[in-house]
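To start, the structure itself, in structure tokens.
Residue numbers start from 1 in every chain, and the chains themselves are labelled A, B, ... in the order their sequence lines are given, proteins ahead of strands.
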4 protein chains.
Amino acid sequence: MRFNDTQPIFLQIADWVCERILARDWSPGDRIPSVRDLAVELEVNPNTVMRAYERLQQNEVIFNKRGIGYFLSEDAYPGVLAMRKTEFCEQELPLFFKKLSLLNISIKEIEEKYNQFQNSLNQGENEKEQ
Amino acid sequence: MRFNDTQPIFLQIADWVCERILARDWSPGDRIPSVRDLAVELEVNPNTVMRAYERLQQNEVIFNKRGIGYFLSEDAYPGVLAMRKTEFCEQELPLFFKKLSLLNISIKEIEEKYNQFQNSLNQGENEKEQ
Amino acid sequence: MRFNDTQPIFLQIADWVCERILARDWSPGDRIPSVRDLAVELEVNPNTVMRAYERLQQNEVIFNKRGIGYFLSEDAYPGVLAMRKTEFCEQELPLFFKKLSLLNISIKEIEEKYNQFQNSLNQGENEKEQ
Amino acid sequence: MRFNDTQPIFLQIADWVCERILARDWSPGDRIPSVRDLAVELEVNPNTVMRAYERLQQNEVIFNKRGIGYFLSEDAYPGVLAMRKTEFCEQELPLFFKKLSLLNISIKEIEEKYNQFQNSLNQGENEKEQ
DNA sequence: GTGGTCTAGACCACC
DNA sequence: GTGGTCTAGACCACA
């Protein structure tokens, strides 16, 4: 696995695990690679893998059985969604807000456009149904 | 200049002109490169430059004196802003809204986070003033 | 034996007896130390031991043969369990419920987490069997 | 500050910050000690303080301004409550559930006792009002 | 064998 | 100066 420089490695590892889950490579209850094994495989420090697993556990994507290893939780899938949401709010939203002030667009304006967007979607749905 | 494949070249040229304006390389009233000269310089078809200039003229960033050339309008700077805003609303906003529904985030939530974001900015400003 | 200040001494003595039973130090039908002997051994007032034995007798963990002494009842083991349960419900549960309301956690939420907890236990068991 | 061995140091540091907040020693918007300063003061590795601050940031108790430092968020107080809830679910709940199975008490039984507990509370309230 | 914590020390980007 | 990431290596508890 190749890492890029734009994002911390431990987040890229967490992402990689999420991709495996979304791709259904692993199922709920499956044991995932041990911290040390994955560290050797990815050629990084075990601490770095640890941080990735820590994140995933806090987001209830995986859970731990002491002395045994990490396992996919039952609701790993929605957990991944929740995690993606957190990342979106922390990384993309600030950039989005900066752009708003740069272009002198108020949040009120965004709200209006959002409602228009939703309406157009709903119309599309209704036409399909008809 | 290098063009990328993700966006039409004529839009990239229009963007390049906007960058010149935002960077204050050209001033209101200045004559900008002729369609043919710029086409030679950028190694593209004159029609492509033409489409870019047309777009800029529609947005009142530049205007044309028949037989003489294109000139920066007096309010080129605010014009560029308006243009950027239009592009933003047509291209980025729909993607943004789609992502919101994908991650199950309401516009209300975005509004709250925007206010938080503004507060943290203001705090930074106030500390500077003190 | 050291007593702590947080709980009445007679309850701590009753607890100590229960520990002996749960640890299988004594068997059903065995005669346990006399009130006076235990009082001397633990360096407490015989009345205090008496109160402990009374409590244990109420919970049918021990029974009394007048003039002879106290004996472990046949179902001392389940009796201790029942006793522990009563104590748990009277002492720990109210604190637990208060904490729930303090942290704004609903009983429904606890139920869900309990089911998750049971699932993870079962998974561990199944793996052992395999 | 003295640390005990029963809990990781970084959690004790996070707790210490929470206590400061609950005690109103620090107010929303206040800058808290820098990672390095606190590390020197508490005689621990900066990484350890970093982990504590990381936790607090994820729980939206504090936020970061790049190159400046960490600050108390506007809703630090509710954030602390949310954090306490997480800790309760991760640490105390498992012990509670183990005790339930040890004493052979079903979750259904707990639910009933909870309702009784709530009723007794409400009656107390009503009597006060009358 | 598993994960969990901590230290020491390095390097980076941002302000 | 600030935080953020990573490595190397140590020690611990648990299974």
Can you find a heavy atom in the side chain of [X] that is under 4.5 Å from one in the side chain of [Y]?
X: Leu38(D); Y: Ile32(D); result: no
X: Tyr77(A); Y: Leu22(A); result: yes
X: Val44(D); Y: Ile13(D); result: yes
X: Val17(D); Y: Tyr70(D); result: no

Measure the distance from [atom1] on [X] to [atom2] on [N] and round it to the nearest whole Å.
X: Phe63(A); N: dT2(E); atom1: CZ; atom2: C1'; result: 15 Å
X: Asn64(A); N: dT2(E); atom1: CG; atom2: C1'; result: 8 Å
X: Phe71(A); N: dT2(E); atom1: CZ; atom2: P; result: 12 Å
X: Arg31(D); N: dG1(F); atom1: CZ; atom2: P; result: 12 Å
X: Asp37(D); N: dG1(F); atom1: CG; atom2: P; result: 10 Å

- Positive for ring pair (Phe, Tyr, Trp, His ring centres under 6.0 Å) with Phe96(A), one of Phe96(B), Phe97(B), Tyr114(B): Phe96(B)
- Message: If you count heavy atoms of other groups shown closer than 6.0 angstrom to CG of Asp30(A), is the number above 12?
- Response: yes
- Neighbour count above 12 (heavy atom, 6.0 Å) for Asp75(C) CG: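 Yes, because the 6.0 Å sphere around CG of Asp75(C) holds more than 12 heavy atoms from other groups.
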- side-chain contact (heavy atoms from CB on, under 4.5 Å) between Leu100(B) and Glu109(B): does it pass, once the steps are laid out? CA-CA 10 Å; Leu100(B) 286 193; Glu109(B) 208 170 334; over 6 Å; no
- What is the per-nucleotide protein-contact pattern of nucleotides 5-14 of chain E, from the 5' end, where B denotes a base atom under 4.0 Å from a protein heavy atom, S denotes such proximity for sugar-phosphate atoms only, and - denotes neither? BBBBB----B
- Message: With a 4.0 Å cutoff (strictly under), does any side-chain N or O of Tyr53(A) reach OP1 or OP2 of dT2(E)?
- Response: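 Answer is no, no contact under 4.0 Å.
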- Query: Should stems be defined as at least three consecutive Watson-Crick or G-U pairs with both distances under 3.5 angstrom, which of them involve DNA chain E?
  - Reply: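 Correct response: E:1-14 with F:1-14.
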